[in-house]
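One structure is given below, encoded as structure tokens.
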Amino acid sequence: MKSILSLILACAFVQAATAQWKPVEGQIMTDWAKKIDVENVLPEYPRPLLERPDWLNLNGLWDYSITAIDKDYSKPDGKILVPFAVESSLSGVGRTFTKDDALWYEREFEIPEKWAGKKILLHFGAVDWKCEVWVNGVKVGGHVGGHAPFSFDISKALKEGGKNTIRVRVEDPTDYGVQPRGKQVMKPYGCFYTAMSGIWQTVWLEPVPETYIKKIRTTPDFDRSRFAFEVEACGADKFVVDVFDGADKVASAEAKPGESAVAALANPKAWSPASPFIYDVSVSLFKDGKKIDEAKSYAALRKISVVTEKNERKRDAFKRIYLNNEPFYSFGLLDQGWWPDGLYTAPTDEALKFDIQKTKDWGFNTIRKHIKVEPARWYMHCDRLGIFVWQDMPSGSNLPDHPGRKSYSEDKWIFTTFMSVSDKDWACEERKKLHMAEWKEIMDELYSYPCIGVWVPFNERWGQFDTVNVVKWTKQYDPTRLVNAASGGNFYVDCGDILDSHNYPNPIVNVFIRKMVNVIGEYGGIGYRIPENSWKMDKAWGYVEFKNPGEVLNRYAEYVEDLKSLIKFGVSAAIYTQTTDVEGEINGIMTYDRKVVKFNEKQLKEINQSLINSLK
């Protein structure tokens with residue numbers, strides 16, 4: 001009888017919670033929106049490169065309030081479903097949030113009894129843009145930057161028993177500020193989309209010992225068939241790393257925290273999009289001879305490099321991307337990572353994986369993650385499915401690199417489009433500081449994901465500044481990957497590894513320099529609108545538009561033939577725009593709600609594979 005009563009009460013609780021939330025109506029939705037469980041939102045472990053068995057997901061319904069920016073929290077306006085942005089449908093709120101507002105969150109939680117005696121960490125996957133956090137009225141910290149995770153030790157703020165309260169305050173000026181924001185604007189138009197603010201990735205608690213593994217940094221050494229592991233952990237004597245191929249331990253190493261443990265492989269297996277082999281990794285931390293902490297991770301053996309080749313006439317050397325010491329044609333999709341119901345946040349992990357799987361199914365081997373950073377699990381899916389990633393830095397204000405026009409002969413740079421700008425705005429030190437601080441956070445967070453092969457610090461002059469020094473820093477900070485200094489922006493000779501042309505709709509190399517890898521970082525944008533699966537805007541657009549799928553595929557195939565003809569001239573990669581429609585853009589291979597693929601998928605794969613294989 002007691003168990004039946006408990007079940008009845010539990011069901012009643014779930015029904016009451018669900019009754020407090022429903023998506024905001026008015027626009028198209030994905031099918032995954034229907035699968036959301038308010039009591040179990042995005043339940044998957046959120047940090048796959050450092051995984052522990054115990055954790056507590058704090059996603060779900062929180063109280064929220066929007067106040068004037070200079071006002072304190074007093075009472076809730078209602079419930080919001082975390083981690084969906086306040087402007088999104090799936091938040092259940094769908095309200096505009098401005099530079100003059102403050103967004104407040106609050107919820108209660110209890111610490112499991114088995115965590116007694118442990119240090120408790122509060123993690124945020126990402127909050128856009130600036131936030132402060134209190135636990136039981138005690139301020140535990142704050143964070144600036146909308147795209148990287150952060151955490152706080154909240155142990156001293158917790159009560160010994162019973163319920164605890166978290167309160168979060170957020171500010172976000174969107175395009176009224178100088179912070180990195182990607183494609184968010186207050187008034188969406190063209191290729192700029194609905195602003196989003198607040199908590200947009202998983203919030204969670206984790207118990208750890210007093211001395212614990214804070215970070216695992218993995219560097220593959222393909223040529224020597226080994227990995228170098230670094231562990232951050234203050235106060236420990238050593239860490240031990242074991243590497244597994246399935247159930248078989250294939251390598252082991254140990255070192256002191258802050259030093260490298262080098263694990264050599266006797267029979268190495270490489271990672272590539274064609275064969276994405278992953279090694280499982282176990283890391284144990286020791287102090288005074290006792291194991292005090294352990295975590296799971298994974299790694300993959302691969303190498304990204306630039307090799308000088310000669311063309312068919314055996315002269316005029318050019319450079320090409322190599323993966324694992326073999327020529328690699330990086331062909332992929334520009335992926336915005338936006339959702340009609342969740343904006344920055346996919347409704348479910350299944351949805352998050354879906355776009356990657358489709359990209360793979362269509363015969364591409366690359367995704368350019370366009371001026372956005374995804375949750376950690378997105379990169380895990382790319383690792384395991386076999387997708388090579390170009391990672392963009394989210395852009396800031398749309399300003400050029402120089403306040404005036406200069407010629408190539410004067411200082412060896414090429415200015416693609418002239419824009420007027422005041423010296424004051426160009427020299428905005430706050431903008432530069434925010435950009436570099438967040439870029440470092442992003443690189444630190446994503447360093448150990450094997451899929452990432454190219455860093456892109458700037459896109460099309462959007463917020464571009466001090467390019468030579470930014471690229472030099474990026475290359476020094478991570479010499480294991482290529483740097484695409486300014487994708488379609490202000491190009492500098494001998495700055496980074498890649499010279500990247502953008503042209504719509506057909507693929508054209510606007511500038512070619514033999515001393516760099518030449519790529520076409522954006523082209524295509526073939527538009528085809530399916531009204532019932534489209535976002536409601538005054539104007540839907542593509543760079544070129546057709547009225548039936550056959551015409552779209554034929555034009556797409558013509559562009560691929562153009563790309564094939566450019567291989568012999570040294571073009572090493574191309575990125576097609578884009579994976580899905582996004583709001584007013586109808587140039588996706590899929591509709592924005594992911595319900596319709598506009599191309600014949602079998603033919604699309606054959607066309608794409610013919611391009612990739614033509615390099616072999």
Side-chain angles (χ1 to χ4, degrees), residues 183 191 273 321 328-338 354-372 382 387-392 453-454 456 459-460 484 487-488 498 500-510 517-529 541-546 549-567 571-582 585-592 594 596-615:
K183 288 199 167 186
C191 63
I321 298 173
F328 175 68
Y329 195 96
S330 178
F331 185 42
L333 290 173
L334 194 76
D335 192 315
Q336 312 280 1
W338 286 72
F354 180 82
D355 288 3
I356 305 167
Q357 183 65 65
K358 278 296 184 184
T359 301
K360 187 79 174 179
D361 293 344
W362 295 331
F364 295 100
N365 60 20
T366 298
I367 289 174
R368 180 179 170 205
K369 179 46 64 176
H370 194 38
I371 53 177
K372 182 197 175 189
C382 288
I387 288 288
F388 188 79
V389 174
W390 301 14
Q391 179 59 57
D392 288 12
V454 179
V456 188
N459 174 74
E460 289 187 354
N484 182 352
S487 183
I498 293 172
D500 183 340
S501 297
H502 292 184
N503 192 78
Y504 288 100
N506 52 319
I508 292 175
V509 177
N510 295 314
V517 175
N518 290 268
V519 309
I520 298 172
E522 291 184 31
Y523 82 97
I526 301 171
Y528 170 45
R529 185 170 185 263
W541 67 279
Y543 290 94
V544 60
E545 297 180 33
F546 294 100
E551 292 177 338
V552 171
L553 187 62
N554 288 339
R555 181 57 59 89
Y556 179 89
E558 290 176 13
Y559 293 161
V560 168
E561 290 303 310
D562 291 342
L563 290 171
K564 288 180 183 178
S565 70
L566 293 171
I567 289 177
V571 175
S572 196
I575 302 294
Y576 178 80
T577 301
Q578 57 191 358
T579 311
T580 72
D581 296 346
V582 185
E585 286 189 73
I586 54 169
N587 48 25
I589 292 178
M590 283 188 294
T591 55
Y592 196 20
R594 279 73 168 173
V596 180
V597 178
K598 303 176 189 178
F599 292 37
N600 179 296
E601 295 183 84
K602 181 180 178 182
Q603 290 178 300
L604 177 62
K605 181 175 182 178
E606 291 173 352
I607 292 168
N608 292 340
Q609 289 292 295
S610 72
L611 172 59
I612 291 170
N613 294 334
S614 64
L615 185 60

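Heavy-atom basis, side chains included; hydrogens, waters and symmetry copies ignored.
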Gap between atom [atom2] of [Y] and atom [atom1] of [X] - 0.5 Å precision:
{"X": "I575", "Y": "W390", "atom1": "CD1", "atom2": "CH2", "value": "4.5 Å"}
{"X": "E551", "Y": "Y528", "atom1": "CD", "atom2": "OH", "value": "9.5 Å"}
{"X": "F546", "Y": "I526", "atom1": "CZ", "atom2": "CD1", "value": "6.5 Å"}
{"X": "R529", "Y": "E545", "atom1": "CZ", "atom2": "CD", "value": "9.5 Å"}
{"X": "Y556", "Y": "E558", "atom1": "OH", "atom2": "CD", "value": "13.0 Å"}

Can you tell if the side chain of [X] reaches within under 4.5 Å of the side chain of [Y], non-hydrogen atoms only?
{"X": "W362", "Y": "M590", "answer": "yes"}
{"X": "V597", "Y": "L604", "answer": "no"}
{"X": "T366", "Y": "F328", "answer": "yes"}
{"X": "F388", "Y": "V454", "answer": "yes"}
{"X": "E460", "Y": "E522", "answer": "yes"}

Using side-chain contact (heavy atoms from CB on, under 4.5 Å) as the criterion, list what pairs up with [X], not counting sequence neighbours.
{"X": "Q357", "result": "K353, K360, D361, L385"}
{"X": "T359", "result": "L333, F364, I367, I387, T579"}
{"X": "N554", "result": "none"}
{"X": "S614", "result": "K564, I567, L611"}

Q) Any donor-acceptor pair under 3.5 Å linking the side chain of S330 with the backbone of A573? A)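 Between the backbone of A573 and the side chain of S330 there is no qualifying donor-acceptor contact (under 3.5 Å).
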
Q: Would you check if the side chain of N503 reaches a backbone N or O of N510 as a donor-acceptor pair within less than 3.5 Å?
A: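 Judged by distance alone, no pair lies under 3.5 Å.
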
Of all the heavy-atom pairs spanning [X] and [Y], show the shortest one and how long it is.
{"X": "I607", "Y": "S610", "value": "O-OG, 2.6 Å"}
{"X": "S487", "Y": "G521", "value": "OG-CA, 4.5 Å"}
{"X": "I586", "Y": "G542", "value": "CG1-N, 3.9 Å"}
{"X": "A574", "Y": "Y329", "value": "CB-OH, 3.7 Å"}
{"X": "G524", "Y": "Y543", "value": "O-CB, 3.7 Å"}
{"X": "V517", "Y": "S572", "value": "CG1-CB, 3.7 Å"}

Q: Using the side chain to side chain donor-acceptor pair (under 3.5 Å) rule, pick out the option among T580, D581, T591 that qualifies with K598.
A: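 With K598 as partner, T580, D581, T591 yield a single side chain to side chain donor-acceptor pair (under 3.5 Å), made by D581.
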
**Q.** For D335, the option from R368, K369, H370 that meets side chain to side chain donor-acceptor pair (under 3.5 Å)
**A.** K369

Q: Quick one: do Y504 and Y523 satisfy ring-ring contact (aromatic ring centres under 6.0 Å, His included)? Show the steps, please.
A: CA-CA 5 Å; Y504 288 100; Y523 82 97; 7.9 Å; no

(Q) Tell me whether the count of non-hydrogen atoms from other residues, nucleotides or ligands lying under 6.0 Å of NZ in K605 goes above 12. (A)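 12 or below, so no.
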
**Q.** Between D392 and N459, a side-chain donor and acceptor under 3.5 Å
**A.**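 Per modelled atom types, D392 and N459 side chains form no pair under 3.5 Å.
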
**Q.** Aromatic centroids of Y559 and Y576 separated by under 6.0 Å
**A.**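 No: the rings miss the under 6.0 Å criterion.
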
Q | Chi angles and distances behind the side-chain contact (heavy atoms from CB on, under 4.5 Å) call for L566, I520 | A | CA-CA 10 Å; L566 293 171; I520 298 172; 3.8 Å; yes

Q | With C191, the side-chain contact (heavy atoms from CB on, under 4.5 Å) member among E585, Q578, Q336 | A | E585

Q) N518: what forms a side chain to side chain donor-acceptor pair (under 3.5 Å) with it, not counting sequence neighbours? A) none

Q.
Suppose we screen for ring-ring contact (aromatic ring centres under 6.0 Å, His included). Which residues come up paired with Y592, at least two apart in sequence or across chains?
A.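 By the ring-ring contact (aromatic ring centres under 6.0 Å, His included) rule, Y592 matches W535.
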
